[in-house]
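Beneath this line is the structure, given in structure tokens, with notes to follow.
Chain A is the first sequence line, chain B the second, and so forth, proteins listed ahead of strands; every chain is numbered from 1.
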Protein chains: 2
Amino acid sequence: MTAAGKHQASRPLGRRLERAGIRDVAAAAGVSITTVSDALNGKGRLPDATRRHVREVADRLGYRPSAAARTLRTGRSGLIGLTVTTYGEEPFTFTEFAYFAEMARAATSAALARGYALVILPASSRHDVWGNVALDGTVVIDPSDHDPVVTELVRQGVPVVSDGRPAGSLPVHAWVDNDHEEAVLGILDHLAAAGARRIGLLTGTSTDTYTRLSTTAYLEWCQRVGQEPVYEAYPAHDPCAGAVAADRLLARPDRPDAVYGLFDPNGTDLLAAARRYGLRVPDDLLLVCCSESGGYAGTDPPITTLSLQPRRIGTAVVQLLIDAIERTEGIGPAHPVQQVMPTELIIRASSQRRPHRTTVSPPRGPARGE
Amino acid sequence: MTAAGKHQASRPLGRRLERAGIRDVAAAAGVSITTVSDALNGKGRLPDATRRHVREVADRLGYRPSAAARTLRTGRSGLIGLTVTTYGEEPFTFTEFAYFAEMARAATSAALARGYALVILPASSRHDVWGNVALDGTVVIDPSDHDPVVTELVRQGVPVVSDGRPAGSLPVHAWVDNDHEEAVLGILDHLAAAGARRIGLLTGTSTDTYTRLSTTAYLEWCQRVGQEPVYEAYPAHDPCAGAVAADRLLARPDRPDAVYGLFDPNGTDLLAAARRYGLRVPDDLLLVCCSESGGYAGTDPPITTLSLQPRRIGTAVVQLLIDAIERTEGIGPAHPVQQVMPTELIIRASSQRRPHRTTVSPPRGPARGE
DNA sequence: CGATCTTGCAGAAACCGTTCTTCCATAGGG
DNA sequence: CCCTATGGAAGAACGGTTTCTGCAAGATCG
């Protein structure tokens, strides 16, 4: 065959120094390329002797299959994108920082455990970067209303799973989120039970679902229990604005006697503001904030925090995504899979008026009666 | 030509649905594949009319060049690995967490700005993951003594730049680090100037260069000024051990009247311990810790921190790496490029004995005299 | 007017691992 | 004894891009 002849002939001169290729292994082992591939990937029908021999030769030659070639042929890169909606030009959000870090960590672990690696790709990336990397799927943290990148990806058939329920009609394949309403209601009830009469809220001005759902839950709760809402909203991506907002909240004439802060730094912000106004926590002011930072166990007083459990979420998101990727590339379910994860309220001194009275419960029985 | 004929003939049946390839664009535009490639990459000698036409057709077809194919051909993936030495099984270190997050953020930005994306790849990853992704280079944070992954990468000719000077004789292409000795000496002098008589150190048991250099600097300083060293070392990756070590340090009979903590959580750890022993900060105990957390501005009292400037380091590391990658693939300098970055001491109340006396400096002149 | 240079574009090799198809040989069944 | 089933392995196609080579035609120059 002319084609074959030409191909063979051109081989030697095209050979560069560089690493050993599959051909070299085949030649060294005295078998065909196919046999090498099959032996290394455990695929064909080969006697164990051949398999062992090929593996040994490959090892000796320091053979590493080319990731690029494999990706080209199989259409799988083993790469998962991790996207964060950005405020401003920085690739990550400042506000949910500890959250993001924890979540990313868990996601990385989970992906690695299944043989995938994570690529950090902020939504605001130059478009060419998105085009230049072959992704098997993408995790989107807190997708914004009609994220162009996400829509584009979905249109191209790339599986997308979001952390946080998608706003608008973003066609993600699945999402994972906390039950934010329930979490807020739980906190408000907790504060009310601790004796709060007027609970304030420190919230954000952005339109993401977390902020929106939490705020509405607060407003509804107020309406239900007949309390006038007392809240301050600030641009959550501005680290200084939080301190200012906390101050404003405590400076109000209708000053709350308990506050829940939606963002991580709100705990210290509020604590500092309380100190300025001579308010003792928890005696004059009960405090809770949403944070993943362990630092709140060591403040004076320790502050009750709501954990969104980013580790669980990160793991779940990646599992869902990889499931979608590996679901024979076939089209997934029409409706996105949705998974709601629990939150955890870590109760510390700042939200308990009585100074740590250990209540001994009765020996047995459902000690429910008051 | 037989070869050509065969190739052409086999084309139609191999065609799958899927996205438009470069061939489709070529056909639709009525030009050759070469022309399409050149037009899109601005490479060949083409009249602007052709270029525009091809671009337009490509746009209409929604053509996206295949990243895998490009990588295969050019040998460049546009991907940079970000590796963290791990303690335990988690992919990142707990202790330097804020540091890591900030650093990663800056590195991501810097990489993106130059058209690269970052892949998170813990050193402890399953080996197959490392093999399955084509990296143009790798950033290694805090490389351990003889990291097998790093040596392997270097052997393969992949550029490696490390954050933190490499221990042992790890053959990295470049490294970036702070001047840890100078930083520690600066802090000790600062504390001494604030009236400290016996400065203690909260340090780690691990052998990384940061811990080692900082500790030696402390010991040397002690020897120089004739102070008996007072320190406690603990496994820095254990979040609880820090609190215990802080407690031990302040429980000692030769209790220090000033402490520098090498790790991020040490500030709160020490503050809590001081509170337990009834020590007032800064009156009875001066405090400094190394941290990137802005939270220390809001503690009571605010704590003086040493910032390692992870943002600058992350940026520098990536710049160095990409320079190495793009240096015509040629062999870089024999000696690794080394770049020492400044640290910043953010002085707050915890390390100043006088309660914030605003010293008005004389109108002009080098007011240096005492 | 012929020779050389430039421009505009096409052809095909190369990249490299996987997969599809084909082929051989041997053993077992009819 | 022939046919088939199956284990074992080889060969070629494939994927999509870049890049090197090279060919025509028009432009320039002597």
Side-chain angles (χ1 to χ4, degrees), chain A residues 1-16 18-27 29-51 53-54 58 63-77 131-132 134, chain B residues 1-16 18-27 29-51 53-54 58 63-77 131-132 134:
Chain A
M1 298 230 168
T2 318
K6 260 182 112 174
H7 202 66
Q8 293 287 72
S10 65
R11 184 104 294 288
L13 54 92
R15 204 84 214 95
R16 277 212 303 267
E18 307 299 336
R19 315 195 329 245
I22 198 172
R23 287 171 181 79
D24 305 305
V25 178
V31 297
S32 77
I33 294 179
T34 314
T35 306
V36 175
S37 177
D38 284 350
L40 261 40
N41 299 331
K43 284 232 170 154
R45 310 168 296 193
L46 297 179
D48 276 2
T50 311
R51 236 175 256 281
H53 176 225
V54 169
Y63 167 71
R64 297 257 146 256
S66 143
R70 170 176 289 157
T71 302
L72 180 58
R73 186 67 240 236
T74 62
R76 286 276 184 61
S77 65
N132 261 338
Chain B
M1 297 206 177
T2 319
K6 260 182 111 172
H7 201 67
Q8 294 287 72
S10 65
R11 181 105 296 288
L13 55 93
R15 203 86 213 90
R16 277 210 306 265
E18 306 299 336
R19 313 198 331 245
I22 199 173
R23 288 173 179 79
D24 305 304
V25 179
V31 297
S32 77
I33 293 180
T34 313
T35 307
V36 175
S37 177
D38 284 350
L40 262 39
N41 299 333
K43 286 237 169 147
R45 310 167 297 195
L46 296 179
D48 276 2
T50 311
R51 237 175 255 280
H53 176 225
V54 170
Y63 167 71
R64 299 253 147 259
S66 144
R70 170 175 288 155
T71 302
L72 179 58
R73 182 67 244 230
T74 61
R76 286 275 184 63
S77 65
N132 261 338

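- Scanning both residues, A:A67 and B:A134, for their nearest heavy atoms gives CB-N, 3.6 Å.
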List, with names and distances, any nitrogen or oxygen atoms from the protein found under 3.5 Å away from nitrogen or oxygen atoms belonging to nucleotides 19-22 of chain D.
residue, atom, partner, partner atom, Å
D:dT19, OP2, B:K43, NZ, 3.3

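- Between A:L46 and A:A39, the closest heavy-atom pair is CD1-N, 3.6 Å.
- A close approach under 4.0 Å does occur between a side-chain nitrogen or oxygen of B:Y63 and OP1 or OP2 of D:dT17.
- Taking the nucleotide of DNA chain D with the nearest heavy atom to each of B:A69 and A:G30, the more 5' of the two is matched to A:G30.
- Atom C1' of nucleotide D:dG15 and atom CZ of B:R23 are separated by 8 Å, given to the nearest angstrom.
- A distance of 8.0 Å separates CZ of B:R70 from OG of B:S37, quoted to the nearest 0.5 Å.
- A straight line from CG of B:L72 to P of C:dT18 spans 12 Å, rounded to a whole angstrom.
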Report the C-alpha separation of A:T50 and A:T35 in whole Å, then their side-chain angles, then the decisive distance to 0.1 Å, and conclude whether the side-chain contact (heavy atoms from CB on, under 4.5 Å) test is met. CA-CA 8 Å; A:T50 311; A:T35 306; 3.8 Å; yes
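- Look at CG on A:L40: it is 17 Å from P on C:dC16, rounded to the nearest Å.
- Taking atom CG of A:D24 as the reference point, atom P of C:dC15 lies 11 Å away to the nearest angstrom.
- Of the possible donor and acceptor atoms, one in the side chain of B:R51 sits under 3.5 Å from a partner among the backbone N and O of B:D38.
- Residue A:R51 is out of contact with every strand shown, counting any heavy-atom pair closer than 4.0 Å.
- Counting any heavy atom pair closer than 4.0 Å across all strands shown, A:T50 reaches sugar-phosphate atoms only and no base atom.
- When distances are taken from the side chain of A:S32 to each of D:dA10, C:dA10, D:dG16, the shortest belongs to D:dA10.
- Backbone-only engagement by B:V31 is indicated by non-hydrogen atom pairs under 4.0 Å involving sugar-phosphate atoms exclusively.
- Regarding contacts with the backbone of C:dG8, every side-chain N or O of B:T35 stays at 4.0 angstrom or more from both OP1 and OP2.
- The CG-P distance, from B:L46 to D:dT18, rounds to 13 Å in whole Å.
- Between A:V31 and A:V54 the shortest side-chain heavy-atom distance falls below 4.5 Å.
- For the atom pair A:N132 CG and B:R76 CZ, the distance stands at 12.0 Å (nearest 0.5 Å).
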